[in-house]
Amino acid sequence: MEPCRIVSVVGNPKPASRTRQVAEAVAGRVATSLAASGFESSAEVIEVSELGAGLLGWGDPTVGAALSSIRAADVLVIATPTYKATYTGLLKLLLDQIGGGELAGLPAIPVQVAAAAQHALAVEVHLRPVLVEIGAACPTSGIFVLDSALAELPTQLDAWGSVNLPAVSAIVRARRAVTAPSA
């Protein structure tokens with residue numbers, strides 16, 4: 001069986017950011033959970049900032065390749081810093097190129113990193129709805145991480161994962177069963 005593809009989309013304008021570190025940590029937890037369910041996995045990171053001006057139009061081949069990776073994923077981790085109490089405009093430029101319902105139940109985990117605790121609901125109020133609009137399944141609570149609490153990220157992900165990762169694995173298993181070739 002082909003490995004499960006975990007694709008992390010990082011909407012931070014700065015490459016190699018703390019947002020990417022959080023996304024990779026979440027993807028690592030997903031990979032561990034999938035392994036416990038008997039799946040091998042591979043991980044890929046799409047730094048939206050590296051897509052450049054191609055995000056401003058339609059049909060750019062580099063953006064097209066990123067969108068193909070997103071569509072081919074088994075699990076998406078969508079991570080963004082919190083700008084103006086929501087996700088970045090950079091991430092929105094990419095997500096706007098995915099049609100309504102196009103992701104057809106692809107499990108996605110919304111992640112936001114912020115400097116202030118008063119933005120804690122942004123991941124649920126702003127990021128989750130756009131993912132659902134484009135067809136992603138968001139079976140878990142979103143992950144909100146304070147910049148000042150990055151040292152506690154492993155503990156936070158342990159608590160989040162014990163409750164939420166079984167749902168992600170179940171959706172991957174169900175989607176794989178539907179698309180598996182008949183014997």
Side-chain angles (χ1 to χ4, degrees), residues 2-37 39-52 54-55 62-83 86-98 102-114 122-124 126-128 130-132 134-147 150 153-154 156-158 160-161 164-165 167-169 171-172 175-176:
E2 188 174 316
C4 291
R5 295 185 68 222
I6 303 166
V7 176
S8 297
V9 177
V10 179
N12 196 314
K14 178 183 165 192
S17 62
R18 290 184 301 259
T19 306
R20 180 179 176 144
Q21 293 171 359
V22 173
E24 289 177 325
V26 172
R29 296 303 171 101
V30 171
T32 300
S33 177
L34 290 173
S37 295
F39 292 106
E40 291 182 33
S41 62
S42 65
E44 174 185 352
V45 176
I46 297 170
E47 288 268 12
V48 182
S49 63
E50 293 175 356
L51 300 177
L55 288 166
T62 305
V63 173
L67 293 170
S68 292
S69 288
I70 289 168
R71 291 180 192 108
D74 290 291
V75 178
L76 285 176
V77 175
I78 306 290
T80 180
T82 304
Y83 279 24
T86 190
Y87 52 91
T88 63
L90 185 65
L91 180 60
K92 179 146 177 47
L93 286 169
L94 179 65
L95 297 177
D96 280 350
Q97 295 198 30
I98 302 171
E102 189 175 334
L103 295 184
L106 176 63
I109 301 167
V111 178
Q112 282 198 240
V113 179
V123 70
E124 299 297 337
H126 299 294
L127 187 53
R128 176 186 300 277
V130 75
L131 296 175
V132 170
I134 59 178
C138 295
T140 72
S141 60
I143 300 171
F144 177 80
V145 179
L146 283 171
D147 282 333
L150 284 173
L153 183 63
Q156 182 180 353
L157 291 181
D158 285 344
W160 174 86
N164 292 284
L165 284 174
V168 174
S169 294
I171 291 176
V172 169
R175 286 173 57 91
R176 285 283 177 116

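Every heavy atom of this structure was used, including side-chain atoms; hydrogens, water molecules and symmetry mates were not.
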Distance-only polar pair, side chains of N164 and T140, donor-acceptor under 3.5 Å: no

From L103 atom CG to I134 atom CD1, the distance as rounded to the nearest 0.5 Å: 4.5 Å

Residue list, salt bridge (Lys or Arg N to Asp or Glu O under 4.0 Å) with E40, at least two apart or on another chain: none

E47: partners by side-chain contact (heavy atoms from CB on, under 4.5 Å), with sequence neighbours left out: V10, P15, R20, V45, S49, E50

Which atom of R29 lies closest to which atom of L157, heavy atoms considered: NH1-C, 3.5 Å

By side-chain contact (heavy atoms from CB on, under 4.5 Å) - contacts of E102 (at least two apart): R71, I98

Main-chain N/O of G64 paired to S68 side chain as donor or acceptor, under 3.5 Å: yes

Closest non-hydrogen atom pair, V7 against A73: CG2-CB, 3.5 Å

Side-chain donor or acceptor of T88 paired with backbone N/O of G11 under 3.5 Å: yes

Interatomic spacing from CG in N12 to OH in Y83 - rounded to 0.5 Å: 5.0 Å

Reference residue I109; test side chain to side chain contact (heavy atoms under 4.5 Å, CB included); the match among V30, L131, L76: V30

Value rounded to 0.5 Å, distance of CD in Q112 from CD1 in I78: 11.5 Å

